[in-house]
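All heavy atoms count here, side chains included; hydrogens, waters and symmetry mates do not. Note that this is a predicted model, so its numbers are computed, not measured.
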Amino acid sequence: MSATAPSLEVLSAELSLLRPRMEEVSRAIHARPELKFAEFHAVEVLTGWLAEAGFAVRAGAGGLDTAFVAVHEGSEPGPYVAVLAEYDALPGLGHGCGHNLIAAGGAAAAITAVRALPHHPGTIAVIGTPGEEMGGGGKVRLADAGVFAGVDAAVMFHPGDRSLTTQHGLAAAHLRVGFTGVSAHAARSPWEGRSALAAAQLFLNAIDAMRQFVPPTARLHGIVSDGGQAPNVIPAHAAVDLYVRDRTAASAEALVERVRRAAEGAALATETTAEVHETGPLYGERRDNTVLAERFGNAVRALGLDITAAGPDSPAGSSDIGNLSQLLPVIHPYIQIAELGTPSHSDAMREAAATPLAHDRTEVAAAGLARVVTDLVLDPGVLEAARAEFVGR
């Protein structure tokens with residue numbers, strides 16, 4: 001190593017100095033939630049802070065208006081390590097997934113690493129990845145556009161109701177099942193119509209019946225996104241937005257074929273037609289890099305946070321970082337910001353994401369990420385071990 005690794009105490013001290021700005025950025029994003037690919041305010045707040053901290057910012061990365069790459073180049077060649085930021089919100093819920101904390105904490109981690117190690121080798125970057133929610137697949141789109149070319153490892157954290165170094169993430173397909181029928185007056189001549197809504201209802205009943213005969217790891221859930229316009233008109237169009245999840249992309253894709261046949265059956269029974277298409281990229285299962293996850297865990301434990309690994313059968317969601325984890329070593333630990341049992345994607349989690357406790361824990365998480373980042377750029381053995389695990393799995 002050409003530079004001395006900063007101690008955890010030094011990293012924590014830098015985080016303490018950054019804490020007011022980190023919290024200001026987090027609260028600004030939380031107070032103004034923006035949906036996938038429309039996160040202009042969040043990007044402005046984040047890139048402004050990063051530019052002030054000496055990062056070279058490139059907006060519109062990968063052809064996405066609300067993606068960015070903020071880079072701090074080192075004094076000599078070395079690894080390229082990226083901290084990932086998410087900042088999109090949920091419809092009707094705002095930041096019920098705490099992405100305001102992911103964004104502010106991720107930026108704080110990268111700035112801390114640079115401040116503690118101004119003459120670091122390699123590249124330390126923050127990559128802003130929009131549209132993680134609602135099947136947007138921002139990371140998938142950025143990877144396809146070459147934004148992650150040359151990145152050796154990527155790190156981020158996620159808020160939750162418990163602290164976990166690793167957590168399996170399910171693969172997820174994002175579908176819209178559309179039905180087309182024939183409109184008619186619902187009272188005078190309903191027999192002349194063919195109800196697309198009836199097809200959607202029958203399809204959802206078929207999905208409910210299917211649940212008994214899918215693996216326990218699978219999840220099928222959706223909403224009626226179009227059910228017609230007026231009660232006295234037989235709906236000629238209806239649609240169901242559905243997510244199909246399972247432990248692997250292959251098993252999720254196999255379930256998608258069963259969903260297609262259920263849609264075709266519902267259409268046949270109601271004399272309508274069905275069309276199934278994907279509304280976003282397939283999210284792959286997540287492969288957490290345990291070499292890097294344990295380094296993160298050791299750092300946050302030293303700062304007083306109790307953290308462990310999730311069990312193999314623990315409940316899990318999905319994220320587009322799963323796709324990225326198939327390309328390079330990544331970590332996606334969880335940090336508790338709310339009472340155990342507080343569900344993600346809820347009003348309660350949204351409120352928790354703006355509390356002093358949430359920002360205390362985000363400060364700890366940022367220190368853990370900064371520890372991993374500085375270890376990666378300084379110690380070739382760390383990256384070598386992470387790569388060996390990645391290739392060997």
Side-chain angles (χ1 to χ4, degrees), residues 35-37 90-91 131-141 143-144 168-184 193-229 233-287 315-326 345:
L35 301 185
K36 64 177 182 180
F37 304 127
L90 292 157
E132 186 274 332
E133 300 287 3
M134 300 165 59
K139 295 179 191 64
V140 183
R141 299 173 194 275
D144 289 344
H168 181 76
L170 300 176
H174 311 91
L175 307 177
R176 175 159 293 165
V177 182
F179 295 95
T180 301
V182 178
S183 60
R194 297 294 181 268
S195 174
L197 179 58
Q201 290 174 308
L202 190 57
F203 168 70
L204 286 172
N205 286 335
I207 294 298
D208 283 340
M210 190 188 300
R211 284 195 178 95
Q212 183 180 352
F213 306 102
V214 300
T217 51
R219 298 290 185 269
L220 304 170
H221 50 94
I223 61 167
V224 176
S225 52
D226 177 9
Q229 302 298 315
V233 177
I234 301 296
H237 300 282
V240 173
D241 285 356
L242 189 78
Y243 288 1
V244 178
R245 310 188 201 228
D246 205 355
R247 288 191 66 87
T248 68
S251 56
E253 288 176 324
L255 286 173
V256 168
E257 291 309 307
R258 294 177 65 181
V259 168
R260 289 183 189 277
R261 291 195 292 272
E264 292 165 0
L268 182 64
T270 54
E271 294 189 275
T272 60
T273 59
E275 181 179 354
V276 181
H277 68 273
E278 295 186 32
T279 56
L282 177 76
Y283 285 6
E285 65 270 23
R286 186 162 63 242
R287 298 170 55 193
S318 309
S319 170
D320 55 3
I321 198 173
N323 302 64
L324 201 58
S325 75
Q326 312 297 320
H345 292 196

Audit row: Lys139, Tyr283, side chain to side chain contact (heavy atoms under 4.5 Å, CB included) steps and yes/no = CA-CA 10 Å; Lys139 295 179 191 64; Tyr283 285 6; over 6 Å; no
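- The OG atom of Ser325 sits 10.5 Å away from atom CG of Asp320, with the distance rounded to the nearest 0.5 Å.
- In terms of heavy atoms, Ala266 sits closest to Ala199 at CB-O, 3.5 Å.
- Atoms CD1 and CG, on Ile207 and Leu202 in that order, are 10.5 Å from each other to the nearest 0.5 Å.
- Residues Arg245 and Ser318 come closest through the heavy atom pair NH1-OG, 2.9 Å.
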task = Verify salt bridge (Lys or Arg N to Asp or Glu O under 4.0 Å) between Arg260 and Glu257, making sure each step is shown before the conclusion.
result = CA-CA 5 Å; Arg260 289 183 189 277; Glu257 291 309 307; 3.4 Å; yes
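- Between the side chains of Arg247 and Thr217, no donor-acceptor pair is found at a separation under 3.5 Å.
- A distance of 11.5 Å separates CG in Leu242 from CZ in Arg176, rounded to the nearest 0.5 Å.
- Among all heavy-atom pairs drawn from Gly181 and Thr272, the shortest one is CA-CG2, 3.9 Å.
- Between atom NE2 of residue His174 and atom NE2 of residue His277 there is a gap of 13.0 Å, rounded to the nearest 0.5 Å.
- Put simply, the side chain of Arg141 gets close to the backbone of Gly136: a donor and an acceptor are under 3.5 Å apart.
- Side-chain contact between Thr180 and Glu275: absent, with no pair of heavy atoms (C-beta onward) separated by less than 4.5 Å.
- Looking at every heavy atom in both residues, Leu282 comes nearest to Glu278 through N-OE1, 4.0 Å.
- Atoms OG1 and NE2, on Thr248 and His168 in that order, are 8.0 Å from each other to the nearest 0.5 Å.
- Minimum heavy-atom separation, Leu35 to Leu90: CD2-C, 3.7 Å.
- Rounding to the nearest 0.5 Å gives a distance of 13.0 Å between CD of Glu285 and OG of Ser319.
- Residues Ala238 and Ala200 come closest through the heavy atom pair CB-CB, 4.2 Å.
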